[in-house]
Amino acid sequence: MTLHLYDTRRKEKVPFHPAIPGKVQMYVCGITPYSPSHLGHARCYIAFDLLHRWLEASGYDVDYVQNFTDIDDKIIKIANEDGVHFLEVANRNIEDYYLVMDALGVERADHYPRVTEHLEGIINMIEMLIEKEHAYVSSDGVWFSVSSAPEKFGTLTGNSIDAVQAGGSGRLDKSDKREHNDFALWKSAKPGEPAWDSPWGKGRPGWHIECSAMSLHHFGESFDIHGGGFDLRFPHHEAEIFQSECCTGKEPVVGIWMHNGFVRVDGEKMSKSLGNFWTVKDAFQIYDPIVLRYALLNAHYRNPIDVSEQLLDDAKGNQRKLSEIYGQAIIFKEEGEALVPLPPLPSGDTTSSEYLVQRIGVIESLAEEAARALDDDLNSRLALSKVQAGAKIISEVLNSDKIDEGDTASFASFSIDWIEEIAGLILGVLPTKEIAKAVFDPRLDPRRVAIRDEVESLLARRSIARHAKDWKAADEIRDRIAEMGVDVQDTPDGVEWSLK
RNA sequence: GCACAGGUAGCAAAGCCCGGUUACGCGAUGGACUGCAAAUCCAUUUUACAGGGGUUCGAAUCCCCUCCUGUGCUCCA
């Protein structure tokens, strides 16, 4: 099956065929760095990171461009409030972006162009649009004339010019544009604002033009995939279509338009005004970044996702289980049967090799199913369920009494490759080997070593109390240990403890 | 108002494009194991598809109508 992706413009899944066979040119709208990154950003860039990884795993050579809109009204406002240069505001938020996205396992794009580094290209593009009479100069800047190409209106959203005009009436600002739908290409500088020289005096680019200019710079007149948040369809992406296609005359500028669904919190859009706003760093206080990634991949990228405690807790449990099985496979490979001696084969049962061949066949077919799921417009939820199913079988085999001692390490080795390929390389929801081992065998957790003596001595006292059937004292000690962040488990093999 | 998404078992979420087979997970219930828990394992939770029409041998899936929710039309991933 070939990769199919949903194209917002055509409103259907379409087979993906890049313009240049084997190569993919992909542009995703980046952030406007006026504040730290929030969960909506995380969802968006994780979704497109998955696309990026999957394209590469499928053998494509991907050129991934993601911009930073490092000059805009809000950045200027915050810079003025803080009394710093606007680039200081932009830079600190870009730093935050890299920090949190790296933690979330988002692989870097190939290029991160910034508006402030592409003024020349932007100005050239505006000049060309004026020349072709798609844009006009007014007292307060340069505007794109939407009525110069009315057939392009509503390409992504189905909006009609009249309807948008009606919806926008009463909110007309005091700008000097000719028609309500016209949008700014160049904004003349107001006093005290950062400004660049241009044929139309000092000013700065409008919001939409930078993406057109930067994609033109990196890819030329057209490219394969353009992504971004659902809210960017209008006006931002429709404006890009106007600018790019009217400038170059080449259409369509974009092969497939992709938009990710929104993050909601308790059923409502996450927003600062509703007070349900989470920055990524806020979320990191409670959940491991990899758990957050797992949670955000556990829904289809185009559907809205409601971030709730249940969603995150589910992800935490599933991700932990996966890590545990991965860790077990690593340890079994490294130590073979030494760690857990295998009981003898039950008589008359399937032989080890037959059993293994059969199980490996099932696991491999699950990998194919996961690949099919991703080929079907990146169905990460379904892919994750196949990964979990495969991991479950791996766990059953590793713990099975039907497998010969000599086969354990080789099966473990097969399992590690399988998990690392699909859960690690493609989905990015795997921890490091060291962490995975500690999840499986808490004795290997370095954090445990620090408190081991104290916990062990408390456990010894609890053990005495238990033998004396002094349950009250025993439970008090367990509570005290719990306060140290430790879970105590009484198992048939004795008392065990682990970090919460 | 117009536009675009959604409405699937107790919750959550795939499946819908390409009608006919199980999603997966959580929770719940019963059991094993426990001093009690926790964890784990086994089993059960086999008229789920917003409502109403239609097409079809057969519809969650295709067509029509209605209702409800969210979002966009202003900066937003």
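Chain A is the first sequence line, chain B the second, and so forth, proteins listed ahead of strands; every chain is numbered from 1.
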Taking side chain to side chain donor-acceptor pair (under 3.5 Å) as the criterion, tell me which of A/N298, A/D49, A/D288 meets it with A/R293.
A/D49
Looking at A/Y112, I'd like to know if the NZ or CZ of A/R114 sits under 6.0 Å from its six-membered ring centre while staying within 45 degrees of the ring's axis.
no
Protein-nucleotides 8-12 of chain B N/O pairs closer than 3.5 Å?
residue : atom : partner : partner atom : Å
B/C11   : O2'  : A/Q310  : OE1          : 2.7
B/C11   : O2   : A/Q310  : NE2          : 3.2

Taken to the nearest whole Å, CZ/A/R320 to P/B/G25 is 16 Å
Whether A/N298 contacts B/A13 is assessed here as follows: a side-chain N or O lying under 4.0 Å from the phosphate OP1 or OP2. Is that the case?
no
Atom CD1 of A/I31 and atom P of B/C75: how far apart are they, to the nearest Å?
19 Å
Are the side chain of A/E238 and the backbone of A/L156 linked by a donor-acceptor contact shorter than 3.5 Å?
yes
Side-chain N or O of A/K11 closer than 4.0 Å to phosphate OP1/OP2 of B/C4:
yes
Gap between atoms NZ and C1', on A/K392 and B/C26 respectively (whole Å):
13 Å
Give a yes/no on whether any side-chain N or O of A/N303 is located under 4.0 angstrom from OP1 or OP2 of B/A14.
yes
Students often get this wrong, so: under 4.0 angstrom with heavy atoms, is A/H300 touching a base, only sugar-phosphate, or nothing?
sugar-phosphate
Checking B/G15, B/A23, B/G72 against the side chain of A/N379 (C-beta onward), the nearest is B/G15
Polar pairs (N or O, both sides) under 3.5 Å between protein and nucleotides 34-38 of chain B?
residue : atom : partner : partner atom : Å
B/G35   : N7   : A/R466  : NH2          : 3.4
B/G35   : O6   : A/R462  : NH2          : 3.3
B/G35   : N1   : A/D475  : OD1          : 3.3
B/G35   : N2   : A/D475  : OD2          : 3.2
B/C36   : O2   : A/R478  : NH2          : 3.3
B/C36   : N3   : A/R478  : NH1          : 3.2
B/C36   : N4   : A/D490  : OD2          : 2.8
B/A37   : N6   : A/D490  : N            : 3.1
B/A37   : N6   : A/D490  : O            : 2.9
B/A37   : N1   : A/D490  : N            : 3.3
B/A37   : N3   : A/R478  : NH1          : 3.2
B/A38   : N1   : A/D490  : O            : 3.3

Can you name the closest pair of heavy atoms from A/L104 and A/A42 and give their distance?
CD1-CB, 3.7 Å
Counting only Watson-Crick and G-U wobble pairs with both atom distances below 3.5 Å, the stems of 3 or more consecutive pairs that include RNA chain B are B:1-7 with B:67-73, B:27-32 with B:40-45, B:50-54 with B:62-66
Among residues at least two apart in sequence or on other chains, which ones pass salt bridge (charged side-chain N to carboxylate O under 4.0 Å, His left out) with A/R461?
none
Hey, is the main chain of A/D72 close enough, under 3.5 Å, to the side chain of A/R204 for a donor-acceptor pair?
no
Mutual orientation of the aromatic rings belonging to A/H208 and A/H236 [parallel < 30°, tilted 30-60°, perpendicular > 60°]
tilted
CG of A/L378 versus P of B/A14: gap in Å, rounded?
13 Å
By the 4.0 Å heavy-atom rule, please label A/N260 as base, sugar-phosphate, or nothing.
base
From the set B/G6, B/C75, B/A14, return the single nucleotide nearest to any side-chain atom of A/R302.
B/G6
Can you sort out which residues in residues 226-234 of chain A have a heavy atom within less than 4.0 Å of RNA chain B? Ascending by number, please.
A/G228, A/G229, A/F230, A/D231, A/L232, A/R233, A/F234
Would you please indicate if the ring centroids of A/F68 and A/Y98 are separated by under 6.0 Å?
yes
Considering only B/A77, B/C17, B/A14, which nucleotide approaches the side chain of A/K13 most closely?
B/C17
Would you give the length of the straight line joining atom CG of A/L99 to atom OG of A/S37, rounded to the nearest 0.5 angstrom?
9.5 Å
By nearest heavy atom, map A/L39 and A/K386 onto RNA chain B; which one lands nearer the 5' end?
A/K386
Let me confirm one number: the CG-OG1 distance from A/L39 to A/T279, rounded to the nearest 0.5 Å.
7.5 Å
Nearest heavy-atom contact between A/I363 and A/G390 is CG1-O, 4.3 Å
Anything under 30° is parallel, anything over 60° is perpendicular, the rest tilted; go ahead and classify A/H118 against A/H218.
tilted
Just N and O in the side chain of A/H180: are any of them under 4.0 Å from OP1 or OP2 of B/U74?
yes
Could you list by number each residue of residues 40-47 of chain A showing a heavy-atom separation from RNA chain B of less than 4.0 Å, or answer none if no residue does?
A/G40, A/H41, A/C44, A/Y45
In this structure, are over 12 heavy atoms from other groups packed under 6.0 Å from A/K392 atom NZ?
no
Please determine whether a side-chain nitrogen of the Lys or Arg among A/R480 and A/E476 lies less than 4.0 Å from a carboxylate oxygen of the Asp or Glu.
no
Among the nucleotides B/A77, B/A23, B/A5, whichever has the atom closest to the side chain of A/Y6 is B/A5
Between A/L156 and A/F262, which is nearer to the 5' end of RNA chain B once each is assigned its nearest nucleotide?
A/L156
Among the candidates B/A14, B/A3, B/A77, find the nucleotide nearest to the side-chain atoms of A/L382.
B/A14
